[in-house]
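A short write-up of the structure that comes next.
Lettering follows sequence order; numbering is per chain, from 1.
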Amino acid sequence: MRVGLFVTCFNDTLFPQVGRATVSVLERLGVRVEFPEAQTCCGQMHFNSGYRPECVPLVRRFADVFAGYEAVVTPSASCAAMVRHYHHVVDPAVAVPKVYELCEYLIDVLNVTDVGAHFPHTVAFHATCHSQRLLHIGDRPRRLLEAVDGLDLRPLAHPAECCGFGGTFSVKNPDTSTAMGIDKVADIRGTGAEVLASADTSCLMHIGGLMSRQGNPMRILHLAEILAATK
Amino acid sequence: MSHPTFLGMPPFPEAAKEALANTQQRANLAKATATIRDKRARAVAEMPDWEHLRLAGAAVKDTVLTRLPELLEQLEERVTAAGGVVHWAADAAQANAIVADIVKAHDGREVVKVKSMATQEIELNNALAAHGIDVWETDLAELIVQLGHDLPSHILVPAIHRNRSEIRDIFVEEMGKVGRPAPDGIGDEPAALAEAARLHLREKFLRAKVAVSGGNFAIAETGTVVVLESEGNGRMCLTLPQVLVTVLGIEKLLPTWADLEVFMQLLPRSSTAERMNPYTSMWTGVTPGDGPQEFHLVLLDNGRTGTLADPTGRQALRCIRCSACLNVCPVYERTGGRAYGSAYPGPIGAILTPQLRGINQHPVDAQTASLPFASSLCGACFEVCPVRIDIPDVLVHLRAKVVEHKRGHLGTEGAVMAAMRATFTSPRRLGAAQRLGALGARVVGRRGRLRLRGPFWIRAWFGTRDLPAPPGQSFRAWWRKQHDRS
């Protein structure tokens with residue numbers, strides 16, 4: 001199967017280790033990963049902020065770049081949701097490539113829950129809104145994490161609640177965004193976990209930014225980085 | 001008695017900032033929304049066919065919107081045949097004038113009111129006060145809001161931002177100024193507060209000649225108006241006075257009695273988390289010798305046909321005012337309802353208010369334009385909506401309208417968006433930007449995290465958050481290096 005990695009502009013620029021971890025997990029499972037270098041951005045920021053015309057070339061570029069791949073895998077639930085739910089809204093004529101969020105690809109396509117990872121730490125997992133309510137990936141992240149050797153998963157008290165990032169919401173409504181984030185931070189700290197993980201780096205950047213400003217940063221990893229870890 | 005107004009409120013981010021600083025209100029809201037949220041979840045979980053009911057509710061409402069002109073004419077004909085009088089109001093001013101004229105024609109110096117969102121929307125109380133007419137809210141929470149010279153902050157529980165000791169203080173201070181005072185030495189037990197309200201309202205129920213209500217549904221095939229409430233105050237208003245005036249949004253129709261079945265299941269469980277609604281009043285025109293002997297139905301447009309014209313936005317007109325979306329909204333939970341600057345707060349308000357104010361037809365004021373952005377797009381509202389209004393979809397749709405109206409005046413934001421589009425349409429420019437970012441980060445980075453000052457967006461992020469410094473090597477640079485070598 002020809003698999004194209006959509007690393008996302010966000011991970012590409014700010015969190016390249018997430019892309020490297022995704023490649024590492026997929027290759028360990030025998031997948032041949034290609035990275036089409038013409039890729040850029042799914043257009044989510046423009047779309048969600050109301051900049052529709054600016055979004056159109058990004059949506060068309062995405063379709064062109066990933067045409068011919070049987071599967072596109074991305075380590076971002078919100079970007080996967082953007083492609084799956086909204087690319088045809090932006091341009092009804094576009095042929096939307098088949099995109100999988102990493103957990104979906106591992107469990108639904110490769111039929112794997114134990115990816116052979118070893119990570120002897122306590123972990124709190126933040127189930128992001130778009131992963132749950134747009135993609136409906138459900139308990140897939142939990143199943144993957146529970147199969148990791150040595151990992152101790154600590155549940156949040158309010159797992160379904162938004163962290164307050166919301167893309168440009170975080171800067172257009174900074175006070176409300178921060179109030180939501182502070183509550184999420186308290187919930188995460190309440191788990192006593194050493195590590196915070198999620199399937200979206202964007203939410204993690206917001207939560208981590210708040211923790212860092214509180215002077216009490218926490219080790220924060222994308223789910224792919226945990227799945228890539230071995231003995 | 002003074003009547004506060006939503007007019008002239010600041011845009012959402014400013015209003016929210018002020019609300020967030022009110023720690024008492026935040027505590028009250030967090031407690032109340034968590035309670036009602038959990039109760040609703042339990043009430044809905046009992047229903048094996050809930051998802052089918054939601055689909056049915058949405059379908060019936062969409063049918064109404066498609067057939068609106070003929071159904072409205074049918075309703076008018078049936079209400080008139082049953083002895084009622086139907087009035088058509090294009091906007092708030094017309095509706096208010098119609099109601100004021102009816103009250104004055106009966107030498108009315110006062111009216112008792114059933115809780116009603118349509119009359120909140122048109123600020124009827126203020127309009128009647130300008131004619132020297134006293135308006136008495138009879139719903140307990142509306143009474144608390146009115147006595148407190150306050151604005152409602154929730155569709156269903158308008159005094160949700162108040163706790164019981166605040167309510168006691170309002171009763172002690174204000175009741176005596178407008179009628180029977182609160183009993184001496186009253187405590188803040190719910191039963192004592194309810195009894196004080198009951199005694200205070202009783203004399204108004206018995207005295208008033210005119211009542212004003214809204215309506216939850218109106219059945220076109222029979223001309224029957226339906227009001228759901230929980231306290232019995234509505235039943236008092238709808239049966240005791242001689243004259244009844246109902247202000248009804250034109251989207252509140254149902255084609256047939258049979259359609260009501262769906263909503264009598266959806267609405268109570270979604271709003272109060274009850275299996276069955278406590279007081280359901282239904283009346284068809286006038287019944288000689290029983291109840292009000294004069295009935296006026298004011299059909300209110302006030303931006304609804306403009307909303308109907310928008311294929312994506314019109315689903316907001318399915319709303320049955322249950323407020324489930326408010327109770328699950330993480331933004332509403334923290335800011336409360338008044339920050340939305342409208343009778344319709346929360347997620348539904350963020351999509352309904354801008355449309356009723358004409359965003360589909362023309363540019364709107366800054367406060368209205370801020371509402372579609374008052375959401376993190378978390379999607380919790382859509383999950384609970386009993387008529388499946390895809391609120392996040394409509395929010396994003398309305399954001400595009402705001403941007404479209406502001407083209408040419410988008411300022412820094414527009415420039416950033418244009419620059420990002422230019423960067424993202426060229427992998428080469430993206431690579432260059434990444435290398436520049438990495439270089440810049442080495443200059444300003446502090447222990448791997450950035451703290452910057454700059455224009456609004458930068459300050460908005462860095463006011464409360466750090467940012468990791470961009471890495472020395474982007475993913476695409478790493479990939480190229482790997483694959484050049486191999």
Side-chain angles (χ1 to χ4, degrees), chain A residues 7 9 11-20 23 35 37-41 43 45-52 54-55 57-58 61 86 89 129-130 132-134 160-181 183 205-206 208-210 212-213, chain B residues 12-13 16-17 20 26 330-331 334-335 370 372-380 382-383 392-393 396 398-404 413-414 417-418 420-421 423-427 430 433-434 437 449 456-458 460-461 463-468 470-471 473-480 483:
Chain A
V7 74
C9 61
N11 287 322
D12 182 7
T13 306
L14 291 173
F15 302 94
Q17 66 275 20
V18 175
R20 297 199 297 269
V23 173
F35 176 74
E37 292 185 43
Q39 68 178 271
T40 55
C41 167
M45 184 187 73
H46 286 102
F47 181 76
N48 283 350
S49 305
Y51 289 74
R52 285 280 170 98
E54 285 83 349
C55 192
L58 304 180
R61 158 174 285 277
Y86 298 117
V89 176
C129 298
H130 288 181
Q132 293 302 316
R133 287 186 276 262
L134 275 177
E161 192 153 319
C162 178
C163 71
F165 172 64
T168 50
F169 174 76
S170 64
V171 288
K172 281 178 175 277
N173 282 281
D175 301 287
T176 309
S177 167
T178 297
M180 290 160 72
D183 290 347
M205 185 179 79
H206 163 72
L210 289 164
S212 164
R213 184 59 61 90
Chain B
F12 186 83
K17 185 173 186 164
L20 288 164
R26 275 184 71 181
V331 173
R334 288 170 181 84
T335 66
S370 73
F373 297 91
S375 165
S376 65
L377 303 178
C378 88
F382 174 50
E383 273 191 338
D393 262 17
V396 170
L398 296 179
R399 290 177 184 188
K401 301 239 172 199
V402 171
V403 171
E404 196 183 304
E413 180 188 304
M417 289 292 180
M420 297 291 263
R421 186 201 61 84
T423 307
F424 290 144
T425 43
S426 155
L430 177 56
Q434 287 167 341
R449 298 199 85 88
F456 175 74
W457 276 24
I458 304 282
W461 179 273
T464 53
R465 292 162 285 217
D466 292 340
L467 193 70
Q473 187 185 44
S474 67
F475 177 82
R476 68 181 58 236
W478 171 82
W479 179 274
R480 173 159 289 179
H483 291 259

Next on the checklist: Out of V171(A), L210(A), V89(A), return the one with the most heavy atom pairs under 4.5 angstrom to chain B.
Outcome noted: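 Among V171(A), L210(A), V89(A), the one with the most close pairs to chain B is V171(A).
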Please flag which part of [X] lies under 4.5 Å from any non-hydrogen atom of chain A: side chain, backbone, both or neither.
X: V331(B); result: both
X: T335(B); result: side chain
X: W478(B); result: side chain
X: S370(B); result: neither
X: L20(B); result: side chain

Next on the checklist: Between Y86(A) and chain B, with a heavy-atom cut-off of 4.5 Å, which part of the residue counts as in contact: side chain, backbone, both or neither?
Outcome noted: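 For Y86(A), side-chain heavy atoms alone lie under 4.5 Å from chain B.
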Is the shortest side-chain heavy-atom distance between [X] and [Y] below 4.5 Å?
X: S170(A); Y: R465(B); answer: yes
X: M45(A); Y: M417(B); answer: yes
X: Q434(B); Y: C9(A); answer: no
X: M205(A); Y: P468(B); answer: yes
X: E413(B); Y: Y51(A); answer: yes
X: D12(A); Y: R476(B); answer: yes

Item to check | Proximity of F475(B) and F35(A) rings by center, below 6.0 Å | outcome: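 Ring centroids of F475(B) and F35(A) are less than 6.0 Å from each other.
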Next on the checklist: Just verifying a value: how many Å separate D183(A) CG and R26(B) CZ, rounded to the nearest 0.5 Å?
Outcome noted: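 Between atom CG of D183(A) and atom CZ of R26(B) there are 6.0 Å.
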Checklist entry - When rounded to the nearest 0.5 angstrom, what is the spacing between CG in L467(B) and NE2 in H206(A)? => result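 Between atom CG of L467(B) and atom NE2 of H206(A) there are 12.5 Å.
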